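Please read the structure below before turning to the comments.
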There are 2 protein chains.
Amino acid sequence: MGIKPVKTLTLSDIARLAGVSESTASRALRDNPVINAQTREKVQQIAAEHQFKVNATARSLRTQKSHTIAVIILFDAKTQQTITDPFLLEILGVIADELTRQGYDMLLSTSKTTDKDWRSYYFDSKRADGLIVIGQGEHDERVEQLSSAGVPFVVWGAPTGSEAFAVIGSDNRQGATLAVSHLLAQGCKRIAFLGDIRHTEIEMRYLGYQDALLAAGIKPEPLLQLNTDFTAQAGYVQTQQALFKQLGSLDGIFAASDAIAMGAMKALLEQGISVPQQVALVGFDDIAMSAYCTPSLTTVKQDTQAGGKLLVAQLLGQINGAKAASQLLPVKLIERQSSLRKE
Amino acid sequence: MGIKPVKTLTLSDIARLAGVSESTASRALRDNPVINAQTREKVQQIAAEHQFKVNATARSLRTQKSHTIAVIILFDAKTQQTITDPFLLEILGVIADELTRQGYDMLLSTSKTTDKDWRSYYFDSKRADGLIVIGQGEHDERVEQLSSAGVPFVVWGAPTGSEAFAVIGSDNRQGATLAVSHLLAQGCKRIAFLGDIRHTEIEMRYLGYQDALLAAGIKPEPLLQLNTDFTAQAGYVQTQQALFKQLGSLDGIFAASDAIAMGAMKALLEQGISVPQQVALVGFDDIAMSAYCTPSLTTVKQDTQAGGKLLVAQLLGQINGAKAASQLLPVKLIERQSSLRKE
DNA sequence: GGTGATATTGCAATCGATTGCAATAGCTGA
DNA sequence: TCAGCTATTGCAATCGATTGCAATATCACC
């Protein structure tokens, strides 16, 4: 409906209107101190009057900086659906805010897009100055590839201390230990673990689960570890099956995410099993909904604010020449009704 | 850690390696039929060998197309937090997938960023070829501004049929009518409405709520409409207050979103009020978690798949010269436990 | 053999902003 | 009055790819 196609003004138009050269106009607009104060103000005023905006493309081409960060959300190969995990979305939001606060644009893409080669697509093509990779399982060959290509990038995942690139993530092992110790303290004897240990982060949570059991003198039973996708549905289905097989013997569940935990809770309640009395339940993430299910969900809170900011800070650091450094974030157990057995 | 800073190759490098001019190389890579087949293949092979990627910035500058769409997520002015509403995130995911499927990049930004002027920032600066605006309340002056500036853009909201730009959205009024009629059919007499009617979409839902009541010969009571933000917390707090004031008289709640509904459910159960027996509850959106709370939530399902795809299709259409056209999407009532009173 | 048509390829301008270096003007001090 | 400085400003190249138009080569047909 554009009856007013308003040909966008260019720097050269502004320069002409102000009666100066393009170079002077450019410097004036960028507050280059070498320019006379009066000239600068005149140029800036004229630019403002005409709503002049620097052409970001031309600037990028000349300066060789896009001032854009690509954020890539990884998926499970099989769960080919769109972003669903509330936790990932939460951290995505924090990153978005932080990037804009730092004056960067954010290019978002789902893993499907760029199946082939992120470096080519985002970096070589100069679409982005750096990459943030979010998602389960950084055992991705594409990440390794980035690493060896000298591209600035950061991964949200499980820092091991030995990786060649920067990984920011929660102390999953410690978090799991907190959760499981808490369940044990509530009197649980047989605790199931719902989560897919092929993802490094979940593997760490499983290790923490084992740590806690061993510390209590309990030998972990491999059969109690059930691979479960990051959805309420998967949690629901797995719990139903687990109940079918081991009804009566389970008295605790540690779910690798809150979504999984909510699915599990549904399955339990549906079978008339009381939570937390018969089976106590703990999740992981502390998504917004966790406080509002019934019973409310005990969970391990990940600090998304700190995480998102750190990812951005670390990446921008690299872009400015700092070297990659991983970091582990502390977590906190949030005790709610799903695990607290009143005495 | 980049020990291998691999200076990226340019088109001119490829041309030299292939022994042709830059123009020929460019045309060969773009499969321009005017180029001899052998030449084309040779150039393409050399480009592939060297992992050459066209510099997107240079191409954009020359072609005057960014092949990028900016997606702007609006916030409530007061709720200055990051994206939280699960529904918005879901539709965002669909848009992301669809854009990449169409070969477009997606620039994501939260409203805070660009508080000033979207047209300037995204369009005049040539960062994006078009805009998608998502969020409650398109009564935003910035939207009006876009409209009069001839920028290709689409809004997710409440199509009224009279707006000057393209709005894609669900049939909120019809959805609400379905929901409330259902509550009435379940025997509810006094139904509260939780939602902020200052948002156009919610206003439509409120109108639908009134429609259903009037159709049943019930006069809507203004006191039963409670402005509520899009969060579980707000739903919880408002419901607590409502209960405090009108305990015993309410027998139904229609919440303007599932998150609100879940908060409301929590408040009800906490007070020992049974759902759906004493108070029946219906939400809106059908987010993933709705099926997994207890009791599971009856809700009005919005077709996010269709919505996202339509937004993209409509926008790309505009970019290619088609004219803006709004569209209303049908919704569906999903009956679950929170409202079904068994006889 | 000559002429016009057709198939390929290359030259050079262009997109819009940035910046190294040169140029000019104005001023100071001897 | 003039060399020497400083403060400003402008010229022109550059970033990398695309494309209108011209140039050349090739071929067919009379």
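Keep in mind that the numbers below use all heavy atoms, side chains included, and drop hydrogens, waters and symmetry copies. We name chains A, B, ... by the order of the sequence lines, and we start the count at 1 in each one. Here the structure is a predicted model, which means the values were calculated and not measured.
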Please report, rounded to the nearest Å, how far the [atom2] atom of [N] is from the [atom1] atom of [X].
X      : N      : atom1 : atom2 : value
B:E41  : C:dT8  : CD    : P     : 13 Å
B:K126 : C:dC15 : NZ    : P     : 12 Å
B:R16  : D:dG16 : CZ    : C1'   : 14 Å
A:N32  : D:dT8  : CG    : P     : 11 Å

Donor-acceptor contact below 3.5 Å, side chain [X] vs main chain [Y]:
X      : Y     : value
A:S125 : B:N55 : no
A:Q44  : A:A28 : yes
B:D13  : B:T10 : yes

Exercise for the section: Quick one: do B:Y121 and B:S109 satisfy side-chain hydrogen bond (donor to acceptor under 3.5 Å, both in side chains)? Show the steps, please. Expected result: CA-CA 11 Å; B:Y121 189 78; B:S109 90; over 6 Å; no
Exercise for the section: Would you indicate what A:T39 reaches in the nucleic acid, counting non-hydrogen atoms under 4.0 angstrom: base, sugar-phosphate, or nothing? Expected result: sugar-phosphate
Handout entry: Result of checking A:T39, A:N36, A:I46, A:I35 against A:V20 for side chain to side chain contact (heavy atoms under 4.5 Å, CB included)
Key = A:T39
Between N or O atoms, less than 3.5 Å apart, protein on one side and nucleotides 23-26 of chain D on the other: list the pairs.
none

Practice task
Could you tell me how the ring of A:F165 sits relative to the ring of A:F153: parallel (under 30°), tilted (30 to 60°) or perpendicular (over 60°)?
Solution key: tilted
Handout entry: Distance, nearest 0.5 Å, that separates CD1 of B:I168 from CD1 of B:I134
Key = 12.0 Å
Fill in the blank from the handout: Sorted by chain and residue number, the salt bridge (charged side-chain N to carboxylate O under 4.0 Å, His left out) partners of B:R127 (sequence neighbours excluded) come out as A:D105
Practice task
Establish, with yes or no, whether the OP1 or OP2 oxygen of C:dG16 is under 4.0 angstrom from a side-chain nitrogen or oxygen of B:Q64.
Solution key: yes
Report all interatomic pairs (protein N or O, nucleotide N or O of nucleotides 17-20 of chain D) with separations under 3.5 Å.
unit_1 : atom_1 : unit_2 : atom_2 : d
D:dA17 : OP1    : B:L11  : N      : 3.4
D:dA17 : OP1    : B:N55  : N      : 3.4
D:dA17 : OP2    : B:L11  : N      : 2.2
D:dT18 : OP1    : B:R30  : NE     : 3.3
D:dT18 : OP1    : B:R59  : NE     : 2.6
D:dT18 : OP1    : B:R59  : NH2    : 2.9
D:dT18 : OP2    : B:S26  : OG     : 2.8
D:dT18 : O2     : B:R62  : NH1    : 2.2
D:dT19 : OP2    : B:R30  : NH1    : 3.2
D:dG20 : O6     : B:R27  : NH2    : 3.2

